[in-house]
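Throughout, a chain's letter reflects where its sequence line sits, starting with A, and its residues are numbered from 1.
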2 protein chains.
Amino acid sequence: MRWNEIDTQVCSVARALSVVGDRWTLLILRDCFTGVRRFDAMQKSLGITRHRLSDRLVRLVDSGVLNKVPYQERPLRHEYRLSEMGKELYPVVLSLAHWGDKWLDDGDGAPIQHVHNNCGHVVRSVLACSECGEALEPRAVTPQVGPGIMRKHERGEMGEQDAERLPPFVKGPVA
Amino acid sequence: MRWNEIDTQVCSVARALSVVGDRWTLLILRDCFTGVRRFDAMQKSLGITRHRLSDRLVRLVDSGVLNKVPYQERPLRHEYRLSEMGKELYPVVLSLAHWGDKWLDDGDGAPIQHVHNNCGHVVRSVLACSECGEALEPRAVTPQVGPGIMRKHERGEMGEQDAERLPPFVKGPVA
DNA sequence: TTCGTTAGTTCTAAATTGGAACTAACTATA
DNA sequence: TATAGTTAGTTCCAATTTAGAACTAACGAA
């Protein structure tokens, strides 16, 4: 399977990665979250080639993650800003940062700290349950077949390949 | 800059992505979280080539994200299990899944739902502050220079390139 | 003896990437 | 008016990476 077909999988992680799973893309978004918005600034901060950056920005704009907005006319210049869709990737980026802080520390501690304005503390991020507010541990979460799979199955749109790719907890007529 | 030099950047996101930022790697980890542990099962579920999968698994084991443990002898067979380091990527994977659910829905709803055993609800994940428990919004978080950058700077180890790559909020002698 | 299972490795053509130079449309300065 | 500077790209080619398919190895079962 080619990477550009990955979004045909019946899986939200696969679909999400079809948009932001490229090597450089999440680093570009990291820059957006730290206030880097312009082409040359991104290119310098990332060390990506101009060609790659240009290509990735076009894709991110096309997929709705970034908006390209003019910040001056004559000469016309644009900057790249996170859309609402893009802003909601904050949990992904911050989780990655904190995971890197913890596990890939080179002994000097976190390069960047995050202060929560509301409480004033340097924070880590914690994944919490939207319903009860408790921390979400992998062992305390049970995945189950959702409407996305059920409806496709009912309409007979689950191909043989799709069915084979379902996770092992999926039982019964669907798998 | 080549991708295999990306972990030299003074940035935890870059370092994290040097380990899990490959196109297929987060999908492999998704499989691990849903209980897929064996080579052939992963290959089928992902649609990745056997060669790629083999290579990625070796890297993930080398970097400590997965453990390769025997599940039978004669013939000797191994399975791949998340280490503690790997399990702590759960926030990244679950956030990606929920982002995909919300923004890349094809109209049928989430393919997979997550039920929180503690409260019994189908949940979304929310990023919360480790100190006060409130939801962490990007606007309510102030990034600042952490010990990782300061110590490197004090030891004179911040090269010119490193300094140029620091985010715009970093001011003063460091940048 | 032959088939099936699991976990890979090898090979080649095709696609993607990095690096460096080049273009375009302006503005600022001498 | 000539020259340099800024910003945001595009073009080109060599080098690297990937997909797809076939092959290998070590064993167990019929």
Side-chain angles (χ1 to χ4, degrees), chain A residues 1-9 14 17-18 20-28 31-32 35-62 66-81 161 164-165 168, chain B residues 1-9 14 17-18 21-28 31-32 36-62 66-81 161 164-165 168:
Chain A
M1 171 178 283
R2 304 253 170 71
W3 184 256
N4 61 330
E5 302 164 28
I6 203 70
D7 60 346
T8 62
Q9 291 199 8
L17 289 174
S18 76
V20 299
D22 175 82
R23 273 181 168 69
W24 292 102
T25 302
L26 282 168
L27 278 182
I28 293 173
D31 268 17
C32 293
V36 180
R37 303 192 218 283
R38 298 183 188 176
F39 192 91
D40 275 35
M42 284 186 186
Q43 201 258 318
K44 232 174 223 156
S45 127
L46 294 166
I48 189 178
T49 63
R50 307 177 74 72
H51 187 143
R52 271 324 63 222
L53 178 58
S54 171
D55 180 80
R56 291 303 173 253
L57 288 173
V58 167
R59 285 176 202 235
L60 285 169
V61 170
D62 283 352
L66 296 180
N67 293 135
K68 187 175 180 175
V69 298
Y71 65 89
Q72 68 171 38
E73 324 233 326
R74 24 192 42 77
L76 183 58
R77 294 279 179 261
H78 296 92
E79 59 183 16
Y80 297 88
R81 290 172 166 272
Q161 287 238 317
E164 269 183 9
R165 293 204 170 116
Chain B
M1 171 178 282
R2 305 247 172 74
W3 184 256
N4 61 329
E5 302 163 27
I6 204 68
D7 61 346
T8 62
Q9 292 200 7
L17 289 174
S18 77
D22 174 83
R23 272 178 166 71
W24 292 102
T25 302
L26 281 168
L27 277 182
I28 292 173
D31 268 18
C32 293
V36 180
R37 301 192 220 282
R38 298 185 187 175
F39 192 90
D40 275 36
M42 286 187 185
Q43 201 259 319
K44 233 173 223 159
S45 127
L46 293 166
I48 190 179
T49 63
R50 307 178 72 74
H51 185 106
R52 281 301 84 213
L53 178 58
S54 170
D55 180 80
R56 292 301 174 253
L57 288 172
V58 167
R59 285 176 200 235
L60 285 170
V61 169
D62 284 352
L66 296 181
N67 293 135
K68 186 174 180 176
V69 296
Y71 66 88
Q72 67 171 38
E73 324 234 326
R74 19 191 46 79
L76 183 58
R77 294 280 180 257
H78 296 90
E79 58 184 16
Y80 296 89
R81 291 172 165 271
Q161 286 239 317
E164 269 183 10
R165 292 204 171 117

Original post:
Could you state the CG-P distance from B/L53 to C/dT6, rounded to the nearest angstrom?
Top reply: 15 Å

**OP:** With DNA chain D as reference, determine whether A/E5 or A/E79 sits nearer its 5' end, using the nearest nucleotide of each.
**Re:** A/E79

**OP:** Would you check if A/M42 and A/L57 make a side-chain contact, meaning some heavy-atom pair closer than 4.5 Å?
**Re:** yes

Subject >> Euclidean distance, atom CG of residue A/L76 to atom P of D/dG9 [Å, nearest integer] >> reply: 10 Å

**OP:** Mind calculating the distance between CD (B/Q72) and P (D/dG28) to the nearest angstrom?
**Re:** 9 Å

**OP:** Considering just the side-chain nitrogens and oxygens of B/Y71, establish if one lies under 4.0 Å of OP1 or OP2 belonging to C/dA7.
**Re:** yes

Original post:
Is any side-chain N or O of A/R23 closer than 4.0 Å to OP1 or OP2 of C/dG18?
Top reply: no

Original post:
Is NZ or CZ of B/R38 both nearer than 6.0 Å to the six-membered ring centre of B/Y71 and within 45° of the ring axis?
Top reply: yes

**OP:** Consider the side chain of A/R2, meaning its heavy atoms from C-beta on, and name the nucleotide among C/dA7, D/dT18, D/dG20 that approaches it most closely.
**Re:** D/dG20

Subject >> Most 5' of A/P75 and A/W24 on DNA chain C, judged by nearest nucleotide >> reply: A/W24

Original post:
Is A/S54 near enough to D/dG9 that one of its side-chain N or O atoms lies under 4.0 angstrom from OP1 or OP2?
Top reply: no

Original post:
With sugar-phosphate meaning primed atoms plus P, OP1 and OP2, does B/R74 contact a base, only sugar-phosphate, or nothing at under 4.0 Å between heavy atoms?
Top reply: sugar-phosphate

Original post:
A/R37 or A/M1: which one's nearest nucleotide on DNA chain D is closer to the 5' end?
Top reply: A/R37

**OP:** Round to the nearest Å and state the distance from A/E73 atom CD to D/dA8 atom C1'.
**Re:** 16 Å

**OP:** Flag the pair B/R59 and B/D22 as a salt bridge only when some basic side-chain nitrogen lies within less than 4.0 angstrom of an acidic carboxylate oxygen.
**Re:** no

Original post:
When the distance from CH2 of A/W3 to P of C/dT17 is rounded to whole Å, what number comes out?
Top reply: 12 Å

Original post:
Which is true for A/D22 with a 4.0 Å heavy-atom rule: it touches a base, it touches only sugar-phosphate, or it touches nothing?
Top reply: sugar-phosphate

Original post:
Is there a donor on the side chain of A/R77 or the base of D/dT7 sitting less than 3.5 Å from an acceptor on the other?
Top reply: yes

**OP:** Would you mind reading off the distance between A/R52 atom CZ and D/dT16 atom C1', rounded to a whole angstrom?
**Re:** 13 Å

Subject >> Close side-chain approach of A/V36 to A/L46, heavy-atom, < 4.5 Å >> reply: no

Original post:
DNA chain C: A/R50 or B/D55, which has the more 5' nearest nucleotide?
Top reply: B/D55

Original post:
Side chain of B/T49: nearest nucleotide among C/dG19, D/dA19, D/dA8?
Top reply: D/dA19

**OP:** Would you indicate what A/H51 reaches in the nucleic acid, counting non-hydrogen atoms under 4.0 angstrom: base, sugar-phosphate, or nothing?
**Re:** base

Subject >> Heavy-atom side-chain contact between A/W24 and B/L17 under 4.5 Å >> reply: no

Subject >> Flag side-chain contact, heavy atom, 4.5 Å: B/M1 against B/I6 >> reply: yes

Subject >> Rounded interatomic separation in angstrom, taking CD1 from B/I48 and P from C/dT9 >> reply: 13 Å

Subject >> Spacing of B/R59 atom CZ relative to D/dT18 atom C1', expressed in whole Å >> reply: 12 Å

**OP:** For A/K68, answer base if it contacts any base atom (sugar-phosphate contacts may also be present), sugar-phosphate if it contacts only those atoms, and nothing otherwise; contact means non-hydrogen atoms under 4.0 Å.
**Re:** sugar-phosphate

